[in-house]
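For reference, the structure is listed below as structure tokens.
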Amino acid sequence: MEKIKETVAEGLDEERETKNFIERFIDEDLAAGVYDRVQTRFPPEPNGYLHLGHAKAICLNFGLAEKYNGICNLRLDDTNPEKEDTEYVDSITEDIAWLGFKWHKLCYASDYFDQLYDFAEELIKKGKAYVCDLNAEEMRSYRGTLTEPGKNSPYRDRSIEENLALFRDMRDGKFPDGSHTLRAKIDMSSPNLNMRDPVIYRIQRGHHHRTGDKWCIYPMYDFAHPLSDSLEGVTFSICTIEFEAHRPLYDWVLANLDVPVRSRQIEFARLNVNYSLMSKRKLKRMVDDGIVDGWNDPRMLTISGMRRRGYPPEAIRAFCESVGVAKSNSIVDMAQLEFFVRDNLNYSAQRRMAVIDPLKITITNYPEDQYETFEAVNNPEDETAGKRFVTFSREVYIERSDFMEEPTKKFHRLSPGKELRLLHAYYIKCEEVIKDSEGNITELLCTYDPQSRGGWSEDGRKVKGTAHWVSARDCVEGEVRLYDRLFSNDNPEDGDFQDNLNPDSLVIVPNAKLEKSLAEAVPGSRFQFLRQGYFVSDGVNSDGKPVFNRIVSLKDSFKKGK
RNA sequence: UGGGGUGUCGCCAAGUGGCAAGGCAGCGGUUUUUGGAGCCGCUAUUCGUUGGUUCGAAUCCAGCCACCCCAGCCA
């Protein structure tokens, strides 16, 4: 131990490792012998697709298990047949696997329906649960308010035998939906409303995606969750902060039943990102209302949307790591997410040339039928990415923004009479600007310096500007989709999100000029279109043109023409 | 309003009685055969607020203020 301390002191002085509060709780419990191992779980309800907020919970739960040499299950919390579907189960498993995590076991709350039922009977037999005949409205009025205590249900003092018989009748389908509930007998005057005899079973006829029509009664979250945790052997049940007031109930359920493990619930703050919505309910509404293409629309922070947008899973994990785990409500800046995407892509994405807003250039002293190829590195950050060849010819396209007729002081690219380096190719000089009748620039006539092959000259003259280009003879046309923020408002939660939609959230450029190799790009592969940012291949459109989505939005400083 | 939480830079976030980490964003500079990359700097005399305890307080105590969650037979 001492040795380890020394080593740490000597070598890793600067790598101070700060533990988050959950890790400190775990350390305490381990040290106190409350638990001798760590087991977590990620328990989504299969009623929608996973989003970045879930990614944070996934990283936390799976990360903790890994860190402490424990295990983490994926559990589908399917106790409400009305909202759940196998489509969602499939998307959830796919998304978690894509993020790079492996669950120890794939479980379903519905796996435990029989045991949960038995636990309910156990509670009844202990006199700690009763069947209540109050309807929803009556129950609400009996519950009291934030400031006034509730009243006991008139059915609260039924005998154990009667409760048991009634509960079995509920199970056997003898009552209509909503007519009876099973409630825990706790305290109708508790200041915590969750403890005022909460419902733990309700009658609900609906086809369950796994158990079909076997059951017509379903356990409530507050009953099913602690018991599912315990049955699986979960030691730390990590959930979001809105469940904090449910913790006494969570503990009550485990304390009043004969369970294998007394799991510990720990809450953390959910993730919010500005310019985006992170509520499954609202995401579903956007999908249903046709505001977006589907759950995988690249403008949404669903995992499938981010995947389609080209965000690498490693970048998402690094982001989740960076935002930390705490209990205060917070809204993380979208720029932080994009930073981790750029940071990853900088060394993982190959470079390609593409011209999104083309301006034609004719090189007047370059022979009409001639062409030649140049070698170009695929990624200056990664030698193993190799090289490719690009073809040069008499007519090329450059980005319209790489030419300025009356250049400003800081503008070093092409302008009349000035030289510009075409990346990997030659120096060219602008000799003439051709305009249409309305004065719009339609073409530039340039000359090239044959001595500058490779983009370098022996006379040592300095050419500051360099631009990407594409040979007119050899390029392919493609569709480029520029995705911006879906919401114009920093916080779309202000009012109805529909009022905050950004009309320019999707701009389609149908005829971008692409380097030939991009025509065969595998969907999902990411490239840097040099100065224009990062793009991901998204297959071909209905015209058979290759499609690219922009991955991160432009940095504001660059937008301002710096 | 009863209960439960949270307040440290524009945004996240460390800090657990001994001179306020780090990241994002921003700003300056420097580079570069175009990375929006790299490199170098700068950016909280102050921790919601007021008092108290202490040689010493973001850390302990008390009051106040602000925000979030709970009155589903949702999770």
Side-chain angles (χ1 to χ4, degrees), chain A residues 16 18-20 24 43-45 47 77-80 82-84 109 132 134-136 139-141 143-150 177-183 190-196 198-204 217-218 220-222 224-225 239-248 267 269 271 273-274 280-281 319 321-340 342-343 345-347 349 351 353 379-381 402 412-413 421-425 427 454-456 463-468 528 530-534 552 554-558 562:
Chain A
R16 76 163 77 189
T18 64
K19 296 204 171 196
N20 64 45
R24 278 202 298 273
E45 183 187 12
N47 65 345
D77 208 357
D78 53 351
T79 57
N80 183 356
E82 211 168 274
K83 294 183 177 174
E84 295 148 10
C132 182
L134 255 27
N135 65 32
M139 198 176 295
R140 197 177 315 129
S141 69
R143 188 155 33 227
T145 65
L146 294 177
T147 47
E148 301 153 27
D177 286 12
S179 60
H180 299 262
T181 55
L182 182 71
R183 301 176 70 180
S190 169
N192 181 346
L193 303 227
N194 298 118
M195 299 298 269
R196 319 243 259 230
V199 172
I200 57 178
Y201 260 93
R202 80 281 210 180
I203 304 172
Q204 191 175 322
I217 56 170
Y218 290 91
M220 299 290 290
Y221 166 88
D222 284 312
H225 207 90
C239 64
T240 43
I241 209 145
E242 67 272 23
F243 292 105
E244 207 156 26
H246 293 242
R247 197 191 325 139
E267 311 83 13
L271 173 69
V273 174
N274 58 11
K280 245 194 243 177
R281 218 194 88 243
F319 167 77
E321 201 63 41
S322 83
V323 299
V325 182
K327 292 185 75 165
S328 59
N329 297 3
S330 59
I331 303 173
V332 178
D333 195 332
M334 181 79 98
Q336 188 160 339
L337 211 210
E338 294 188 337
F339 167 81
F340 284 94
R342 258 188 274 118
D343 189 50
L345 259 16
N346 181 39
Y347 61 81
R351 316 289 125 116
M353 296 198 286
N379 186 350
E381 296 287 315
D402 282 337
H412 297 301
R413 284 162 276 155
R421 173 165 39 238
L422 295 180
L423 182 65
H424 306 303
Y427 292 169
W456 172 86
V463 171
K464 256 197 161 174
T466 306
H468 57 279
Q528 185 183 116
L530 300 170
R531 192 180 265 126
Q532 294 142 162
Y534 294 95
V552 292
L554 293 177
K555 259 188 157 178
D556 288 342
S557 61
F558 212 78
K562 200 178 170 182

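These values consider heavy atoms only, across backbone and side chains, with no hydrogens, waters or symmetry-generated copies.
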To the nearest angstrom, how far is A:Ile241 atom CD1 from B:C69 atom P? 11 Å

A:Asn329 side chain: which of B:C68, B:G23, B:C74 is closest? B:C68

To the nearest 0.5 Å, atom CG of A:Asp222 lies from atom NE2 of A:His246 at 5.5 Å

Which value, in whole Å, describes the distance between the C1' atoms of nucleotides B:U46 and B:A14? 16 Å

Picking from B:A71, B:G3, B:G5, the nucleotide nearest the side-chain atoms of A:Lys327 would be B:G5

Nearest of B:C69, B:U6, B:G35 to any side-chain atom of A:Ser328? B:U6

Over how many whole Å does the gap from A:Arg281 atom CZ to B:G72 atom C1' extend? 13 Å

Whole-Å P distance, B:A57 and B:C19: 12 Å

Please report the distance separating the C1' of B:G36 from the corresponding atom of B:G22, rounded so that it comes out in whole Å. 23 Å

Rounded distance [0.5 Å steps], OH in A:Tyr347 versus CZ in A:Arg342: 14.0 Å

Could you check which of B:G2, B:C24, B:C73 has an atom nearest any side-chain atom of A:Ala136? B:C73

From the candidates B:G3, B:A75, B:A71, the one with an atom nearest any side-chain atom of A:Tyr221 is B:A75

Compare the minimum distances between each of B:C24, B:A14, B:A75 and the side chain of A:Thr18, then state the nucleotide with the smallest one. B:A14

Rounded to whole Å, the CZ-P distance (A:Phe340 to B:G23) equals 10 Å

The glycosidic conformation of B:G48, counting syn as within 90° of 0 and anti otherwise, is anti

Check every atom of B:G2, B:C73, B:G4 against the side chain of A:Leu193 and return the nucleotide holding the closest atom. B:G2

When the C1' atoms of B:U43 and B:A37 are considered, how many whole Å apart are they? 23 Å

Closest-nucleotide 5' rank along RNA chain B - winner of A:Leu530 and A:Ala335: A:Ala335

Contact class for A:Leu134 (heavy atom, under 4.0 Å): base, sugar-phosphate, or nothing? base

P spacing across the pair B:A21 / B:G5, given as an integer number of angstrom: 30 Å

What is the separation between atom CZ on A:Phe319 and atom C1' on B:A13, rounded to the nearest whole Å? 13 Å

Between the side chains of A:Lys83 and A:Glu45, is the shortest nitrogen-to-carboxylate-oxygen separation below 4.0 Å, so that they form an ion pair? no

Name the one of A:Asn80, A:Asp177, A:Thr79 that satisfies side chain to side chain donor-acceptor pair (under 3.5 Å) with A:Gln204? A:Asn80

Residue matched to B:U49 through Watson-Crick or wobble contacts both under 3.5 angstrom: B:G63

Output the distance between atom CG (A:Asn135) and atom NE2 (A:His180), rounded to the nearest 0.5 Å. 11.0 Å

From the set B:A75, B:A14, B:C70, return the single nucleotide nearest to any side-chain atom of A:Asn194. B:C70

Tell me the partner of B:A44, counting only Watson-Crick (N1-N3 plus N6-O4 or O6-N4) or G-U wobble (N1-O2 and O6-N3) with both under 3.5 Å; none if nothing fits. none

Atom C1', compared across B:G23 and B:G63: separation rounded to whole Å: 36 Å

Who pairs with B:C9 - Watson-Crick or G-U, where each distance is under 3.5 Å: none

Select one nucleotide: of B:A14, B:G35, B:G72, the one nearest the side-chain heavy atoms of A:Arg351. B:G35

Rounding to a whole Å, what distance do you find between A:Lys464:NZ and B:U33:P? 10 Å

Which one is paired to B:C39, where only Watson-Crick or G-U wobble pairs with both distances under 3.5 angstrom count? B:G29

Distance between the P atoms of B:U31 and B:C39, in whole angstroms? 16 Å

Mind checking the C1' distance from B:A75 to B:C12? Whole angstroms is fine. 27 Å

On RNA chain B, does the nearest nucleotide to A:Phe339 precede the nearest nucleotide to A:Asn135 from the 5' side, or the other way round? Give the residue. A:Phe339

CD (A:Glu244) and CD (A:Glu267) are apart, to the nearest 0.5 Å, by 4.5 Å

Return the nucleotide paired to B:A58: Watson-Crick means purine N1 to pyrimidine N3 with N6-O4 or O6-N4, wobble means G-U with N1-O2 and O6-N3, both under 3.5 Å. none

Can you measure A:Arg143 atom CZ to B:G72 atom C1' for me and round it to whole angstrom units? 7 Å

